[in-house]
Undergrad: 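Following this message is one structure expressed as structure tokens.
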Amino acid sequence: GGIITQTPKFLIGQEGQKLTLKCQQNFNHDTMYWYRQDSGKGLRLIYYSITENDLQKGDLSEGYDASREKKSSFSLTVTSAQKNEMAVFLCASRAGCQNTLYFGAGTRLSVL
Amino acid sequence: DAKTTQPDSMESTEGETVHLPCSHATISGNEYIYWYRQVPLQGPEYVTHGLQQNTTNSMAFLAIASDRKSSTLILPHVSLRDAAVYHCIRMQGTGSKLSFGKGAKLTVSP
């Protein structure tokens, strides 16, 4: 079986700081996703990528950049962290021909 | 727009059979119904999925209405480990935007 690894697990940043979250998968999946989850709320799609070097905006892309330089990795950058921001960022992947999503454990962001 | 509707929460007791409803009235013919569950401090994990026929696996039974406008995830003999947020979503065949709602929080009491 494969695994999705998100780093770091916890991220503490300062207001205005640029922060980068990383996601690696060894499933050899084509499509990867970044979601944001706020406490008590659903998952909101930030960016997704259907293949290496592809990027597609989700519903919450403003304030974020993403990069898919390799098939196995998908990075997300918070371009300017907002004060008191707290959320969990979840990375997921799935094969092009299969629908099941596999998620990482998440990166928990706190901004001071 | 998650395009599915679930209750915010449901309560149950260990050993009961739980029915978790999901409404997806505008579902397209090529969209599958997928269920995921999420426990604290983890990402969602796959439970089951279906297109038109009812399906069953070791985790749950998925009952899909004949008009496909709703489905019910049935968890037999729940245990404390089944307490989680259950997400019902619609998914098309290939790489596309996938939206999740809040899901339904299932509480299981001893």
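Below, chain A is the first sequence line, B the second, and so on; all start at residue 1.
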Undergrad: Transitively linked via ILVMFWY side-chain contacts under 4.5 Å: B/Y86 with B/I89?
TA: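 No, no single cluster joins them.
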Undergrad: What part of A/Q6 lies closer than 4.5 angstrom to a heavy atom of chain B: side chain, backbone, both or neither?
TA: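 Looking at A/Q6, nothing touches chain B.
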Undergrad: When clusters are formed by joining ILVMFWY residues with side-chain heavy atoms under 4.5 Å apart, either directly or through shared neighbours, do A/L21 and A/V111 land in the same one?
TA: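 As far as the 4.5 Å side-chain criterion goes, A/V111 and A/L21 are connected within one cluster.
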Undergrad: OH/A/Y102 to OH/B/Y46 distance, rounded to the nearest 0.5 angstrom?
TA: 8.5 Å
Undergrad: Report the C-alpha distance between B/M91 and A/T100 in whole Å, list the side-chain angles of each, state the deciding distance to 0.1 Å, and finish with yes or no for side-chain contact (heavy atoms from CB on, under 4.5 Å).
TA: CA-CA 9 Å; B/M91 293 174 67; A/T100 302; over 6 Å; no
Undergrad: Has A/K22 got more than 12 heavy atoms of other residues, nucleotides or ligands less than 6.0 Å from its NZ?
TA: no
Undergrad: Count the heavy atoms belonging to other residues, nucleotides or ligands that lie under 6.0 Å from CD of A/Q17, then report whether that count exceeds 12.
TA: yes
Undergrad: Side chain, backbone, both or neither: which part of A/R108 has a non-hydrogen atom closer than 4.5 Å to chain B?
TA: side chain
Undergrad: Just to verify, what does B/I74 make a side-chain contact (heavy atoms from CB on, under 4.5 Å) with, not counting sequence neighbours?
TA: B/T17, B/H19, B/F61, B/A63, B/T72
Undergrad: Do you know which of A/L90, A/L45, A/L101 makes side-chain contact (heavy atoms from CB on, under 4.5 Å) with B/F100?
TA: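 Considering A/L90, A/L45, A/L101, a side-chain contact (heavy atoms from CB on, under 4.5 Å) with B/F100 is found only for A/L101.
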Undergrad: List the atom of A/Q37, the atom of B/Q38, and the distance in Å for their closest heavy-atom pair.
TA: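 Closest approach of A/Q37 to B/Q38, heavy atoms only: OE1-NE2, 2.8 Å.
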